[in-house]
Amino acid sequence: MLKNLKKLTALQIIFIAFLMLVIGGGTLLSLPISSSTGQFTHPIDALFTAVSAVCVTGLTVIDTGAHWSLFGQVILLLLIEVGGLGFMTLVVSIFLLLNQKMSLKSRLIIQESYSLSDMSSSVRVVINVLIISLLIQFCGSVLLSFSFVPRFGLVKGIWYSVFHTISAYCNAGFDLFGNSLMLYEHSPYVLMVIASMVVCGSLGFIVIMDILNYRKQRRLSLHTRLALTTTAFLVFGGMLLFLISDFESVSNNPFIFVMQSLFLSISQRTAGFSIQEYNLFSQASIFLTIILMVIGGTSGSTAGGLKTTTIGVLALNVRSIIKRDKHTSFKNRTIPQSVVKQAYESVFLYFFMMVIATFILLLTNPRFRVDQILFEVISALSTVGLSMGVTPELNVLGKIIVGILMFIGRVGVFTIIYSLNAKDNHESLYKYPEEKVMVG
């Protein structure tokens, strides 16, 4: 067993680790102790919930607050935390507690998990990720407790504060209220605390550490600058579009309406918390939500989607094409052609899976409209967790497909492809004759 494990590549170990987390979490959630009624939960529903938690998506087929007992909610929260921060954070923490050194293989897995450029500082990066994440989550829990404790009491209020802070920071979108954050649609304070946690999680650990080290380094990496630029554009651009679309706010207060629009612009892209039933949204707002879900958060974060940096690289490449420049550049730096190529590959694979999954779900669940199925598929693939009420009504095959989409969205399509294809990368020693093809 150990010998076979040593033969596995880093990407294969990451793939297997996430799979084992899902299976283990699903098994625990199916037990009677995990449900509030003391009965077994259907294995498909338990497994689906585990996938959604580990993949920090938030799509559910059963009411999180009503169905799960305290034990089940704790298991769910642990799955969200480990899935959001990465299982290697847990592994490194255990090694440090046991005072054990990390092997070269483990450092390589950390490098792949967090998309690091080198593995020399991999353990230090994971330690920083853990410390920063816990500090941010502690601050978020304290801030939410000012609102939740007076309303739900000390113990329940603190638990709700911790649960929703972790869910927001990990961009999971799970809630214990039963209707997401609709209770707080008129509370700018709660909405902005949740939104702040979502932004911190969706920016990515590398970006946050880069910002914190700015005073020492006196510069930000190109990745950080591109991520911050694209994120700011999406947040404020999305807010403006929500404001001018015919989204009907139940509030006549302009300030609250602006805060709601800002919250939607942040949450709909990555976390999946909602403040109103999606059947009440205008078609323009639903279409805008789909676009934001497709883009998602930043690479190396708890968020899914195509990633802000991917979209940023594509936009810069299109600009260079229009300007007839041979190279794609940003802030006096040239982006390698291999990175541009990978961005286009990501877009192609994302839309290919989206089309295939949508078609299969329409075949197997014909009572739903195209827009409803497409919304759920993108929400699952981008690990957002928003729903138009379709997911709980899907048949078993439909739930399995949505579960697979969530898993692919969190682990990463390239991780899955490379883990299934263990052949060493090598360039071909020969090349076929060139011949032009008309395109465009």
Between the CG atom in Leu143 and the CE atom in Met197, the distance rounded to the nearest 0.5 Å is 6.5 Å
Thr224 pairs by side-chain contact (heavy atoms from CB on, under 4.5 Å) with which of Asp210, Thr229, Leu203, Thr309? Asp210
Taking every heavy atom of Leu292 against every heavy atom of Ser265, the minimum-distance pair comes out as CD1-O, 4.1 Å
Mind checking whether Met388 and Ile286 have side chains closer than 4.5 Å, heavy atoms only? yes
Using modelled atom types and a 3.5 Å cut-off, is there a donor and acceptor pairing between side-chain atoms of Arg410 and backbone atoms of Gly83? yes
How close do Ala227 and Thr231 get, counting heavy atoms only, and between which atoms? O-OG1, 2.7 Å
State whether a side-chain donor-acceptor pair under 3.5 Å links Ser346 with Thr310. no
Looking at CG of Leu361 and CD1 of Ile401, how far apart are the two atoms once the value is rounded to the nearest 0.5 Å? 4.5 Å
Verify whether one side chain among Ser52 and Thr57 offers a donor that lies under 3.5 Å from an acceptor in the other. no
Looking at Tyr344, I'd like to know if its OH atom is crowded, meaning that more than 12 non-hydrogen atoms belonging to other residues, nucleotides or ligands lie closer than 6.0 Å. yes
Atom CD1 in Ile290, atom OG in Ser285: separation rounded to 0.5 Å? 11.5 Å
In the structure I gave you, are the side-chain heavy atoms of Leu29 and Trp68 within less than 4.5 Å of one another anywhere? yes
Assert yes or no for the condition that the ring centre distance of Phe174 to Phe163 is strictly below 6.0 Å. no
Heavy atoms of Asn171 and Val198 approach each other most closely as ND2-O, 3.3 Å
Is it the case that Asp175 and Ser180 place a side-chain donor and acceptor less than 3.5 Å from each other? no
Does Leu381 form a side-chain contact (heavy atoms from CB on, under 4.5 Å) with Tyr350? I'd like the steps, not just the answer. CA-CA 8 Å; Leu381 190 56; Tyr350 181 97; 3.7 Å; yes
Give a yes or no on this: more than 12 heavy atoms of other residues, nucleotides or ligands lie within 6.0 Å of atom CZ of Phe287. no
Do we see a donor-acceptor contact under 3.5 Å between the side chains of Thr64 and Gln73? no
Minimum-distance pair of heavy atoms, taken over all atoms of Ser274 and Leu386: CB-CD2, 4.2 Å
Do Thr334 side-chain atoms and Ser329 backbone N/O form a donor-acceptor pair below 3.5 Å? no
Please report the shortest heavy-atom distance between Met209 and Ile132, naming the atom on each side. CG-CD1, 3.4 Å
Worked check of salt bridge (charged side-chain N to carboxylate O under 4.0 Å, His left out) between Arg319 and Asp325: CA-CA 8 Å; Arg319 185 188 69 176; Asp325 289 339; over 6 Å; no
Among Ile321, Thr328, Ile311, Val340, the one residue meeting side-chain contact (heavy atoms from CB on, under 4.5 Å) with Leu316: Thr328
Minimum heavy-atom distance between Ala357 and Leu405, given as atom pair plus value: CB-CD1, 3.7 Å
If you measure from OG on Ser30 to CD1 on Ile44, what distance do you get to the nearest 0.5 Å? 11.0 Å
Verdict with reasoning, Ile80 to Tyr169, per side-chain contact (heavy atoms from CB on, under 4.5 Å): CA-CA 10 Å; Ile80 292 171; Tyr169 179 77; over 6 Å; no
Are the side chains of Glu81 and Cys170 in touch, meaning some heavy atoms are under 4.5 Å apart? yes
Asn365 backbone acceptor or donor facing Asn395 side chain under 3.5 Å: no
Centroid separation under 6.0 Å, is that true for the rings of Tyr184 and Phe177? yes
According to the interplanar angle, ranging from 0 to 90°, do the rings of Phe407 and Phe18 count as parallel (below 30°), tilted (30 to 60°) or perpendicular (above 60°)? perpendicular
Compute whether any side-chain donor of one residue and acceptor of the other, for Thr298 and Thr308, lie under 3.5 angstrom apart. yes
Please report the interatomic distance CD(Gln260) to CG(Leu243), rounded to the nearest 0.5 Å. 10.0 Å
Could you check Arg269 against Ile291 for side-chain contact (heavy atoms from CB on, under 4.5 Å), going step by step and ending with a plain yes or no? CA-CA 8 Å; Arg269 186 163 52 88; Ile291 294 174; over 6 Å; no
If we ignore angles and hydrogens, is there a donor and acceptor under 3.5 Å between the side chains of Thr391 and Glu376? yes
Identified side-chain contact (heavy atoms from CB on, under 4.5 Å) partner of Phe242 from the options Thr289, Val258, Leu262: Thr289
Heavy-atom neighbours of Phe352 CZ exceed 12 at 6.0 Å: no
Decide yes or no on side-chain contact (heavy atoms from CB on, under 4.5 Å) for Leu59 and Ser379, but give the supporting numbers first. CA-CA 8 Å; Leu59 282 174; Ser379 179; 4.1 Å; yes
Rounded to the nearest 0.5 Å, the OG atom of Ser382 sits from the CE atom of Met406 at a distance of 12.5 Å
Among Glu185, Met192, Met239, find the one that has a side-chain contact (heavy atoms from CB on, under 4.5 Å) with Met259. Met192
